[in-house]
Each structure stands twice: as structure tokens, then as C-alpha cells.
Amino acid sequence: MPSSSRPFTDPLLRWYERHGRHGLPWRATERSPYELLIAEVLLQRTTAAAVSGAYVPFVTRYPTPEAVVAAPSDEIEDRIAPLGLSKRAGFIERCSGQLLARHSGKIPRCRYELAELHGVGAYTARSVAVHAFGEDVSAVDTNVRRLISRFFGLECDSDAIAVLADEIAPSDRSSDFLYAMLDFAADVCTSRNPECGDCPLGDDCVSTGLASDNAD
DNA sequence: AATACGGGGAT
DNA sequence: ATCCCAGTATT
């Protein structure tokens, strides 16, 4: 992590310790890599609030890839349906089969092997690598993209965002840092009507004060 | 490089 | 009524 990024990372981590969404069920300690992978798939284009209700019943009913493969397809689909993008039910089934066939039911640590799994793209692979295995990278989703583009003044669709996100990830706290960016972007640096007023990053944010979104 | 998938909450 | 959400697979 370059020292020049500390005006970003330090206040962000401090904010996270105080105001982060620490109660989200997939963040509980002792979640297995498989359980984290399931959470990430359910969270694709889906709000944390929506997933939080369905998550515990899901991983309780299907605690392993074996349980997914053994279960009736329509039953899994019924649990995904309220979240939308119900084809993810099929993703999870196929992914679970691949986990059994290729990795003897375990979640691989390598994010490129992770991304070979059905329903697991670059983002989800990185996310699992960070939260399950502590890899020193970032995962750029909608929230992180918006936050970094605003703070550093980068174009929203710039490839530089992903590069920068990796560079500034603190090697010893990559998971907390990612959660911190997600929570901060969801609660303060929101898509519409960001709370720039009492933003703890305000002094150094390129876009501070221009309350219109889409900071570039 | 576009497009389909999607229900639910916020504005 | 429209926008948005911890994206990915498929044209």
C-alpha cells in the first residue's frame, strides 16, 4: 500500500470499525469458504439487505456442495426467486458439481481457478480470494467503482480503478478494507445524494461537495 | 460489444 | 415511473 493512499485508507478503516455493517451474517467468523462463495453469488446485483434474510436459511439447508447437488432443483430455485436473477440457482448447482469434480468439494484458493466455476466471474473470484483466504487484492464492484472514481477523480469506466484498488489494499487487512469500501459506499458515498456534508474523507476527496453523482 | 436476467426497495 | 442493487453468461 503506497503511503500516498493513507488519506483514503486510514479514515475509511476508522469509519468502518465504528459504522460498518458488522452484523451481516456472511461476515460472521468461521464462515467456510464455501459459505462465503454462496454469499457472493447471492449478492450479485442484489442488495445486502435483500440477501441477509435468505442467506442463513440457504446455507443451513445446503451447507456443502454435496448438499446442493443432492437437493431438488426447484427447491433451490424457490429460495433464489425472491432475490431476482433466479438463474443463479442453476449457477450454484452447476458450480457445486464442478467443485466436486475438480476440487473434491473444496473451494480453490487461486482466483483464476475460482473464476472457472460457473457463475463465478472476476469480481466474485477476487472477493472470495480476499475474504476466505486473505489474498492481498481488491474486488471492484459497483460501490467500489463509484467510491474510488469520486475520491481520486477517475473516470467511472476506467481500468485504472481496478489497478489502484489493488495497489491501495492494505496487505494485512485486505478483507476489512474491502468491506469498509462497500459499507461506506452503501451508506455514505451513495449513488444518489451522497452525504458529502460530514464525510470523513471530505478533506481529500476530489469530488467533495459536488452533490451530484457521477463524479468524474 | 451488447444484451438478458429480476425482484424489491428508494426516490 | 424510474433508478439502483457485492455481476455473469450468453449472444
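Every heavy atom of this structure was used, including side-chain atoms; hydrogens, water molecules and symmetry mates were not. Chain letters run A, B, ... following the sequence lines, proteins first, then strands; residues in each count from 1.
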Using residues 100-118 of chain A as the side-chain source, report each donor-acceptor pair under 3.5 Å to any protein atom, sequence neighbours left out, with the distance given to one decimal.
| unit_1 | atom_1 | unit_2 | atom_2 | d |
| --- | --- | --- | --- | --- |
| A:R102 | NH1 | A:E116 | O | 3.4 |
| A:R111 | NH1 | A:E135 | OE2 | 2.4 |

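A heavy-atom distance below 4.0 Å to DNA chain B is reached by these residues of residues 24-49 of chain A, ordered by number: A:R45, A:T46. For the contact set between residues 83-97 of chain A and DNA chain B, defined by any heavy atom under 4.0 Å, the members are A:L83, A:G84, A:L85, A:S86, A:K87. Residues from residues 123-138 of chain A lying near DNA chain C, meaning a heavy-atom separation below 4.0 Å, are A:Y123, A:T124 in numerical order. Contact check of residues 50-60 of chain A against DNA chain C (heavy atom, cut-off under 4.0 Å) returns no residues at all.
Partners of A:D176 by side-chain contact (heavy atoms from CB on, under 4.5 Å), not counting sequence neighbours, listed by chain and number: A:L13, A:Y16, A:R173. A:S5 pairs by the side-chain contact (heavy atoms from CB on, under 4.5 Å) definition with A:M1, A:P2, A:T9, A:I168, not counting sequence neighbours. Scored by the side-chain contact (heavy atoms from CB on, under 4.5 Å) test, A:A50 finds A:T46, A:T47, A:L83 as partners (sequence neighbours excluded). Taking the ring pair (Phe, Tyr, Trp, His ring centres under 6.0 Å) definition, one finds that A:W15 meets it with A:H19, A:F184, sequence neighbours left out. Residues that satisfy the ring pair (Phe, Tyr, Trp, His ring centres under 6.0 Å) test with A:Y179, not counting sequence neighbours, are A:H131.
Residue A:A122 is classed as a sugar-phosphate contact, given heavy-atom separations below 4.0 Å to backbone atoms only.
Residues in residues 68-77 of chain A take part in these side chain to side chain donor-acceptor pair (under 3.5 Å) pairs, two or more places apart or across chains: A:R61-A:E75, A:Y62-A:E75, A:S73-A:E93.
In this model, a donor atom of one side chain and an acceptor atom of the other lie less than 3.5 Å apart for A:S127 and A:E40.
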Collect all protein-nucleotide pairs involving nucleotides 9-11 of chain B in which both atoms are nitrogen or oxygen and the distance is under 3.5 Å.
none

